[in-house]
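Just so it is clear, the model here is predicted, and its values are computed rather than measured. All chains are named by letter (A, B, ...) in the order of the sequence lines, taking the proteins before the strands, and each is independently numbered beginning at 1.
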There are 2 protein chains.
Amino acid sequence: MIQDSSAPRKRRGGSDPKTETSYQRVTNLLRTEILAGDIPLGGRLTMTAIADRFGVSVQPVREALQQLEGEGLVEMIPNHGARVRQLDRNRLVHSSEIGEALECYLARQFAEEASLSSLRQLEALQVEHDAAIEAMDWARIDAANRIFHRFINTHGGNVEAADLIARYYGLSEGLMNKHGRDKAFAERVRAEHHALLEAFRRRDPEAAARINAEHVRGTVAAVLAAYEATKR
Amino acid sequence: MIQDSSAPRKRRGGSDPKTETSYQRVTNLLRTEILAGDIPLGGRLTMTAIADRFGVSVQPVREALQQLEGEGLVEMIPNHGARVRQLDRNRLVHSSEIGEALECYLARQFAEEASLSSLRQLEALQVEHDAAIEAMDWARIDAANRIFHRFINTHGGNVEAADLIARYYGLSEGLMNKHGRDKAFAERVRAEHHALLEAFRRRDPEAAARINAEHVRGTVAAVLAAYEATKR
DNA sequence: TGTTGACACATTTGATACGATCTTGCATCG
DNA sequence: CGATGCAAGATCGTATCAAATGTGTCAACA
């Protein structure tokens with residue numbers, strides 16, 4: 001079996017969106033719907049229905065579901081169909097552990113390597129977060145929170161790790177959106193963000209990692225409470 | 001093109017009640033081939049060739065490739081084809097960072113929570129590793145090394161994290177297998193394993209995490225050397 | 001004579017339709 | 001009340017066609 005190891009020919013001059021293939025479109029649409037919580041956890045995903053809804057054939061839908069299974073978002077049972085992957089208590093804890101390990105590592109890295117201008121940018125992002133909390137606009141709060149953490153996580157250039165974190169938190173975020181949160185929770189998040197910023201200013205990696213760990217654990221505790229609440 | 005009718009068309013029915021679907025079989029076979037390094041990094045994966053090789057149609061192959069893309073092992077370019085995902089220098093570093101963050105977390109957890117019998121089991125596994133190094137049998141060494149680390153990683157029950165680590169290290173392992181390793185490397189790994197065991201015995205989470213971090217960094221340095229060697 | 005451009009062919013991927021198989025829900029019968 | 005069989009619906013796999021990309025050849029031109 002001969003493998004083609006020729007040099008990668010110049011592909012795609014510049015940003016060439018051209019036409020998106022059907023399975024790509026279906027994949028992206030389904031992923032956003034799942035992460036937004038539009039489709040409930042454990043909800044069935046019948047191929048014919050999805051194909052009908054998006055106006056494509058069944059095969060692109062199958063390929064999209066396969067890819068999403070590879071990403072860990074859906075679960076496919078042979079000859080039975082696809083479901084949005086369940087988030088039982090164990091998986092929730094395990095996902096948060098993965099997120100904690102990765103985020104602490106990246107926060108430590110940020111504390112060690114971030115330039116002063118990066119720190120200033122992060123502080124600016126937190127200003128928006130504070131304002132959103134002041135207005136108690138949960139959509140704004142969540143968006144600002146995501147941007148804040150993603151800025152830290154992608155600073156070292158490791159987008160793979162940042163994507164992993166986003167993927168493992170995405171499902172539980174949808175769960176939080178369903179169940180309400182209160183002002184006390186928002187205030188605690190705010191305080192932790194400021195403590196994190198203070199650790200960055202002092203260039204204290206250990207403190208940054210510790211604060212981030214507490215931040216994750218507090219958040220997952222809230223998610224668990226929301227989860228238990230939906231159980232009944 | 002007429003299909004060969006002598007091929008086993010009907011594998012349904014009869015002897016095997018729990019039949020694996022075609023796309024599952026193709027997915028598993030391709031995954032093991034890629035992780036074993038049988039297909040070189042960046043090697044093209046033409047659907048028709050794979051379909052012909054496994055005696056199935058093109059669609060199951062497409063679904064298998066989609067799933068492997070979701071897992072991060074394969075890269076698909078629209079209208080252009082699928083390739084085994086490249087491991088450039090950046091991605092290698094990023095993968096090792098992910099592995100380091102996760103493994104350190106799990107090692108710390110092991111040091112905190114492992115029972116005495118678990119520690120005894122781990123010591124027994126290291127005896128096999130030592131013996132393999134004594135014999136300088138690289139297949140045995142690698143197998144023992146994998147088992148040793150997997151025992152630590154899965155001890156807390158977080159198989160998702162352990163699978164992530166295995167996935168991100170799998171590709172670079174194939175790279176190491178191609179390029180040779182020397183006895184000094186094996187001896188250093190052995191020493192680090194024993195240091196890790198000692199930290200576990202002392203129930204010292206910080207030391208365990210630190211030793212594991214050094215272990216990962218040393219290994220990735222060796223992989224990087226191998227990588228640079230294959231570049232020419 | 002060497003380079004460049006365009007056209008046509010071959011190969012590969014993308015998508016659809018159709019048949020076969022499996023699961024499931026429901027009714028019927030023992 | 002439990003087991004069996006039938007029918008409806010969904011999934012799995014193949015064949016086939018359409019679209020896009022890469023390659024090779026040939027001719028025109030400096």
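The number of heavy atoms from other shown groups lying within 6.0 Å of CZ (R89(B)) does not exceed 12.
Dashed line: the shortest gap from a side-chain N or O of H80(B) to OP1 or OP2 of dG14(C) is not under 4.0 Å. For Y23(A), a side-chain nitrogen or oxygen approaches OP1 or OP2 of dG14(C) to under 4.0 Å.
With hydrogens and angles disregarded, no donor-acceptor distance shorter than 3.5 Å links the side chain of R83(B) to the backbone of E75(B).
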Identify all pairs in which a protein N or O lies below 3.5 Å from an N or O of nucleotides 4-8 of chain D, and state each distance.
none

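Within residues 56-66 of chain A, the residues having any heavy atom closer than 4.0 Å to DNA chain D are, in order of number, Q59(A), R62(A).
Going from atom CD of E69(B) over to atom P of dG14(C) covers 10 Å, rounded to whole Å. As rounded to whole Å, 13 Å separates atom C1' of dT11(C) from atom CG of N79(B). If you measure from atom CE of M76(B) to atom P of dA15(C), you get 10 Å, rounded to the nearest angstrom. Nucleotide dG13(D) holds its C1' atom 17 Å from the CZ atom of F54(B), rounded to whole Å. Q24(A) places its CD atom 15 Å from the C1' atom of dA19(D), with the value rounded to the nearest Å. In this structure, CZ of R83(A) is placed 10 Å from P of dT24(C), rounded to the nearest angstrom. Rounded to an integer number of Å, the gap from E20(A) CD to dA20(D) C1' is 17 Å.
Rounding to the nearest 0.5 Å gives a distance of 8.0 Å between NE2 of H94(B) and CD of E160(A). In this structure, the separation between CG on L73(A) and OH on Y168(A) is 9.5 Å, given to the nearest 0.5 Å. Atom OG of S118(B) sits about 11.0 Å away from atom CD1 of I152(B), to the nearest 0.5 Å.
Using cut-offs of 30° and 60° for the angle between ring planes, the F148(B) and H129(B) rings count as parallel.
Nearest to the side chain of R44(A), among dA10(D), dC12(D), dT12(C), sits dA10(D). Closest approach to the S22(A) side chain among dT11(D), dT24(C), dA15(C) is made by dA15(C) (side chain taken as heavy atoms from C-beta onward).
Centroid-to-centroid, the aromatic rings of H149(A) and H215(A) come within less than 6.0 Å.
Closest-nucleotide positions on DNA chain C for M47(B) and P78(A) were compared, and the one nearer the 5' end corresponds to M47(B).
A salt bridge is defined here as a Lys NZ or Arg NE, NH1 or NH2 lying under 4.0 Å from an Asp or Glu carboxylate O, and E33(B) with R53(B) meets this definition.
Under the 3.5 Å distance criterion, with hydrogens and angles disregarded, a donor-acceptor pair is assigned to the side chains of N28(B) and E20(B).
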